[in-house]
Structures are given as structure tokens and as C-alpha cells.
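Notes to accompany the following structure.
Since we're looking at a predicted model, the values are computed, not measured. Below, chain A is the first sequence line, B the second, and so on; all start at residue 1.
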There are 2 protein chains.
Amino acid sequence: MSGPTVRDVAEVAQVSLATVDRVLNNRGGVSAKVVDRVKAAVVQTGYVRNLAAANLSRRRIYRFCFVVPTGDTGFVALLHAALAQEQHRLREEQVVVQIVPTRPFDVEDQIAALRNLDCDAVAVMVSEAPEINEEIASLLASGVRVVSLVADLPSSGRDAYVGPDNVMAGRTAAEFMGRFIKDAGNILMIAGSLAARDHSERLLGFQMVMQERFDGCTLLPAAQGADDAARVEQIVLDTARDRPIAGIYAIGAGNRGLVRAVGTLDPKPVTIVHELTQISREALRTGTFDLVIDQDIRAGVIAAVGVMRDLTDSITPPADAGRIKLNIYSRENIQ
Amino acid sequence: MSGPTVRDVAEVAQVSLATVDRVLNNRGGVSAKVVDRVKAAVVQTGYVRNLAAANLSRRRIYRFCFVVPTGDTGFVALLHAALAQEQHRLREEQVVVQIVPTRPFDVEDQIAALRNLDCDAVAVMVSEAPEINEEIASLLASGVRVVSLVADLPSSGRDAYVGPDNVMAGRTAAEFMGRFIKDAGNILMIAGSLAARDHSERLLGFQMVMQERFDGCTLLPAAQGADDAARVEQIVLDTARDRPIAGIYAIGAGNRGLVRAVGTLDPKPVTIVHELTQISREALRTGTFDLVIDQDIRAGVIAAVGVMRDLTDSITPPADAGRIKLNIYSRENIQ
DNA sequence: GAATTCTTGAGGTACGTCAATCAAATTTCT
DNA sequence: AGAAATTTGATTGACGTACCTCAAGAATTC
């Protein structure tokens, strides 16, 4: 009727129910020979665990934390919204999530946040710094699984990365920048901080493609806006005073200031930014921004939770589990 | 943690478990007074039926069908791939899916396919025709829930639509077409068939934006390529013989022919197509195509299955459950 | 007032898995 | 050979709901 059960597997493998259970939920204490026999039996019978029954029976609760920056980006708000949307599914899968906000680019604050965690796994979006790496190492040592979110920390020893390919994000921005700009011109790049790996990687990709394929454009030295609206606004205005700007690539947050500044420029530069927020959505609609490259936070949350669950269960997550797609929005496909 | 159960409801309502069960699954034989008391208790306790447990107890298996066209688009292949990827998860959730292929734009064949279904719910991607509407009505009447996939059938009375906003897809294509084309020029639009609602809606959106905002371009009369590579190739070559083509918007399938034809044109027109397949991916990479607007079939499958499950369980699916995002691919963000 | 229906209670079994126990069998070590 | 460790079996009780039976109580009908 409803497919083979553990019972059938046990029968085929010529072992007891308990042994099948031990193998399936790798609890250990089973000889290699028997493990193979059970696994073969699983394949032979076509057994697939009944998730409903499993979740019903399992009383395990997964406790996960998200350590993410507050700030003008509204990232925390979006994360909250995404989690709220997934709440039902999370509850069904026995997952409890807590969000720990930190001040952006404030390493001390990030470290403090990492110190006071009480959970099975954590997804962190933090700066790249040796002190952070140490903190992550000690988390890992104490058995907490660590996933880097959006901004990778390859040298920290984190268990996995969940986020977009940021180099590709920068390359994509350059592709559209190059095609949207009619003639050659000056391109202003504004990052939040180059210590944030997502920002530096995007910058890298952007510069690569601009130089490779759109060498009529002149790249101005990259500015750092600290994800702060006022700073970003000032950077744009200061730069525009000395020379015309044909294009702006804003890598980090602070788009509120960017909207204000771009509004005063004539001719309006081609403006490409990251993250679809209220502000960038509105700016797209009015034509202030020309393109928004967005990472789907909801998909990111789902992926992160999935990976953290796998890690907590000592399962190796699928290779592409952490890869988040980039969404490209123009004024016509805002959602 | 895991919420109130029927037990709690029974206690609050001061009745037995059996009576709560009778009310919840309206089996009848309960006085109005007690029914009210139980319902009040449900509200008061915030009881929500645990679907997993319910389905487990019921031994329920969800049987879903996908009625979709074969053809050069490789849609069936992509659907198969997407289903294969999701197979494990689907089986864990007691979902069995069957794919029923039909000949593209062949209404008779589509009707025949709809006649021989044996399932709880069906996702259909078919033409818009009165006979089809009738067939869907009779499916609905017999208790089968019907979801329209990718191409909506609003007048059929289907329970839900799962797919992208096709007007938006066309508008988006126009946005990028307008910005990519340096000067004014002739735009060739090739649909598969205007009887397919997804195609006609895309065309509509494309024309709207081109006329509104890029009126330097001249829209040639829309051609119909029947999703056939040879036909599409011929259309392009025939059109190019008489006048220069600045842009091509290919709405349906048959991209293999498009690649061949565009390769012979000089200067190469800006080419925007739908669906990220092997062919379009390769054409993006080589620069033959400039943009691909893709509907994530995997996301579509997941959404469709979710909606069908909800419908089968008599749950109203969330308002945005059927909305599939459009993904925009340039040569730099192919995935 | 008896016979009838209707309403409610009490209890059980099943669904498939997880998780834990204790005992028995087997292997490994000394 | 005996002790210790490892591996396996047998069994049990959740988890929350569905669905069934049997019996007793209440309300209705004649």
C-alpha cells in the first residue's frame, strides 16, 4: 500500500528492527558488514522513510541562531520576514530559530554576539578578521556547527557557506552596467567595507568584467560607505563635483543616501545596487535605480536551515545546498 | 512546544475524545450545543490539526499528475529532471507524481490526456479552448483538483494558477530589449502559438512596454513558430531578407533554430529568449543570445505540489503560493 | 410507560518512526 | 580460558490523529 517500511528492510537484510534503526539514524555500534547489508536492503526494497511519521515521533528540537548585522540594509527585517514566512514549515521540522543582531562592521560586537550563543548551530554574517576566526574555532570546538552566511569566511574553518557567488554577482553587475551605458564614462564603485568578504568579492568581479569587456569606461577608485546612508550620499556628491559620473555600482547598503544623491545628478548615472528593499524597490520604480541584484533571503534561510540540520545530524550536506541564486530586478519585474 | 492536541480540546470542551473527533471530522451525531462547545474549545486552545499525524493515521498517499507538452522546448525533460531532483522529498511526503506528456498545441491530444487521469490533483499546461475548459470542469466535478501551470486558464474554473506573471515576463523582456539596443530598429517577435495563454500574455506585455517607452523601435507583426526549430529559423531568415533586424524576442521554444539563424545575421540582433536550457545556456555563453528569461521549473514543481497538497487537504493555499519568480540570466550569471 | 431514536462516553487498534532499555550473542583482548 | 568490549535482538512506549466498536445515558415518539 504505502511502500516498504523499516520492517521490510529488516526482513530483507535479515536483521532486527533495532539494527535497521541504528543504521538508518547512524547511531553507531553496527559492524560494517551489517551496515552494508542493511543499506543494500534499503536499495532493494526501495525504502523511503516516512517524513510524517519521523517528525511525529522525533521529539528532537533543533536550536539555530542567525548572527546578522542590523543597519540601513534592512537585512534583519528581511530575515525576520523570511523566517516568519517559513515558520510553519520550521515548526513542522522541529526547528527553533533565534536572530542575534550585531552592529555592522563592528568586530567587537560580533565577537560578543558569538560568545553568548546557546544553540546547536549558528549562521553568521560577520566581518573577516582573525579574532572572529578564533571565536568561530572555539564555537566549533564546543560542538556548535557554524555556517557562514552571504559573506564567506573560508579561513575560519566554518562547516559550510550559504550564500550567493559574490564574484559572479559583481560580474553580473558589470555586464549590465556595460550594456546600459551608452558611451564611455566614469564609474563609481561604493562598497560598505572591504573587510566584508561579500563586498570585496563583488568588487573584484565587477572590476574584472569591466576591464575585460567594457574598457571604454574608467573605474574610479573604490569608495567605502560603511553601509551608511549619509556617508554614501557624501561620496557621490563629492565625486560628482569633480567629474561627470556615467555609472554607479553600490555594493553594500546605505541606498537611502544613494537615492538622494543620484536624484540631484544630471545626467542621471546608470545605477546598479544590491538587495531588493523598500527603498531600492521604490527607486527602481521611479527610475532612479536601473538594476537591483538581489539574493533571495528566503531561499537563503531555507538553505541555511537545511544545511544546519544536516550538519547537526552529522550528515554531509549536498554539494550545492548552500548555493543561493542571484535575482535580477529591473523596473518591470519588481516583485 | 508542539501545541494543543485533541486531548486538550476535549478537556476544555468537557467532552470525550470521541466527540471531539466526531465534530472535527464532521461525522455527525452530535448535538448542536456540543458542536458549538467543541468549536469554541478549538478556538480557545488554538488547536491546529497535526497534518502529519493525520495523514499518517489515514495512510494517505497523494497522487498528482502533470499534463505538459513535449516538444523542442525540452519542457518535459526539465520537468522530469526537476521531479527527479525532488523525488526523494516527494516520496518522504507521501506524494506520487506522474507526468502525462501531450503534443504541443494539440487540443484533441490534451483532452484525451485529461480524460484518462486517475489522481487526486492535476497540474495542466494546455491551450486555452472551450473544449478544454469543459474537460477541466468535469474533472473538478469529479473531485479532482486542478491547477493551471505556467499558462493560466482563468475561465476554466481551475482551483489555482501556478506559474510566472507572463505579462510581467514580456514587459521585462521589453525593458532589456529597449536598453540593449543602441539605436532604433526593427523588432521581430516570435511566439509559439497565440492560443497558448503564456505566449499571448508575454507578447502583450512586451508590446506594451516597447510602445510606451521605446517608441524608436518598430515592432514587426508577431510571427508564430509553433515551438518548432525549423519554422523559427525560417521566420528569422525570411524576415531578415527584407529588412535589418535590431532585436528578436522569442517567446516560445525552438531556440535551436534561432541560434542557427541569428548566427548568420550581421550585425547580430539583440536576442532575448525564454527558458534556460542547454541550448540557450550555450548561446548566452557564446554571445548569440543576450538575455534569457527563465521560469525556475524546479520552484514551479515545488509550488505546484504544495498547492495541490493544500487543495487536496481542503486547505486554502497561501495567496502567493503559486507565484513563480522570473529569473534573468546574462552571460555572467548562468547557473 | 415502553419502544424508539439520538447523543455521548470509554476504550481500543493502527499508522511508521524514533528512542530507549535490557538481555543475549559474538568478537576481541589479556 | 576468562574477562571485557562490541555487536545484535527483542521489546516497549511514545508521537497525534483516524476510525471503529460497544454500551450507557438522554431525548423523543407512540
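Taking atom CZ of Arg22(A) as the reference point, atom P of dT17(C) lies 17 Å away to the nearest angstrom. Remark: P of dC18(C) and CG of Asn26(A) are 11 Å apart, rounded to the nearest angstrom. Following rounding to the nearest Å, Ile61(B) (CD1) and dC15(C) (C1') show an atom-to-atom distance of 12 Å. Note: CG (Leu17(B)) to P (dT8(C)) measures 15 Å, nearest angstrom. One atom, CG of Asp21(B), and another, P of dG12(C), lie 17 Å apart when rounded to the nearest Å. Atom P of nucleotide dG16(D) and atom CG of Leu24(B) are separated by 15 Å, given to the nearest angstrom. Distance Arg7(B) CZ to dT17(D) C1': 9 Å, rounded to the nearest Å. Whole-Å rounding puts the Arg58(B) CZ to dG16(D) C1' distance at 12 Å.
Residues satisfying the side chain to side chain contact (heavy atoms under 4.5 Å, CB included) criterion with Arg27(B), sequence neighbours excluded, are Asp21(B), Asn25(B). The salt bridge (charged side-chain N to carboxylate O under 4.0 Å, His left out) test applied to Arg22(B) returns no partner, not counting sequence neighbours. With sequence neighbours left out, Arg49(A) forms a salt bridge (charged side-chain N to carboxylate O under 4.0 Å, His left out) with Glu92(B). Looking at residues two or more places apart in sequence or on another chain, you find no side chain to side chain contact (heavy atoms under 4.5 Å, CB included) involving Asp36(A). Residues passing the side chain to side chain contact (heavy atoms under 4.5 Å, CB included) test with Asp8(A) are Pro4(A), Thr5(A), sequence neighbours excluded.
Smallest separation of non-hydrogen atoms from Val144(B) and Ala121(B): CG1-CA, 3.9 Å. In terms of heavy-atom proximity, Val34(A) sits nearest to Val15(A) at CG1-CG1, 3.8 Å. Contact between Ala321(A) and Ala303(A) at its shortest, heavy atoms only, is O-CB, 3.4 Å. Heavy-atom minimum distance, Thr102(A) versus Ala113(A): CG2-CB, 3.6 Å. Smallest separation of non-hydrogen atoms from Ile334(B) and Met168(A): O-CE, 3.6 Å. Listed here is the closest heavy atom pair of Ala151(A) and Arg197(A): CB-N, 4.5 Å.
Taken residue by residue, residues 32-56 of chain B places heavy atoms nearer than 4.0 Å to DNA chain C at Val34(B), Leu56(B). Near DNA chain D, meaning a heavy atom under 4.0 Å away, there are no residues from residues 8-16 of chain B. Residues of residues 88-98 of chain B having a heavy atom closer than 4.0 Å to DNA chain C: none are found.
Note on Thr19(A): a side-chain N or O is less than 4.0 Å away from OP1 or OP2 of dG9(D). For Ser31(A) and dT8(D), the shortest distance from a side-chain N or O to OP1 or OP2 is below 4.0 Å. One finds no side-chain N or O of Arg59(B) lying less than 4.0 angstrom from the OP1 or OP2 phosphate oxygen of dA14(C).
Between its two ends, the helix from dG1(C)-dC30(D) to dT30(C)-dA1(D) turns its axis by 30°, counting five pairs per end and rounding to 10 degrees.
You'll find the side chain of Cys119(B) stays beyond 4.5 Å of the side chain of Gln98(B), heavy atoms only.
Heavy atoms from other residues, nucleotides or ligands lying under 6.0 Å from CD of Gln278(B) number 12 at most. Within 6.0 Å of the CD atom in Glu11(A), the count of heavy atoms belonging to other residues, nucleotides or ligands does not exceed 12.
For residues 137-147 of chain A, every residue pair satisfying the side-chain hydrogen bond (donor to acceptor under 3.5 Å, both in side chains) rule, not counting sequence neighbours, is listed here: Arg145(A)-Asp159(A).
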Just distance, no hydrogens or angles: give the donor-acceptor pairs under 3.5 Å from side chains in residues 305-320 of chain B, sequence neighbours left out.
{"unit_1": "Thr312(B)", "atom_1": "OG1", "unit_2": "Met308(B)", "atom_2": "O", "d": "2.5"}
{"unit_1": "Asp313(B)", "atom_1": "OD1", "unit_2": "Tyr62(B)", "atom_2": "OH", "d": "3.2"}
{"unit_1": "Asp313(B)", "atom_1": "OD2", "unit_2": "Tyr62(B)", "atom_2": "OH", "d": "2.8"}

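Ionic pairing of Asp118(A) and Arg63(A) is present here: one or more N-O contacts between side-chain nitrogen and carboxylate oxygen are shorter than 4.0 angstrom.
The Arg27(A) side chain lies nearest to dA19(C) when the options are dA19(C), dC15(D), dG9(C).
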N/O contacts under 3.5 Å, protein versus nucleotides 27-29 of chain D?
none

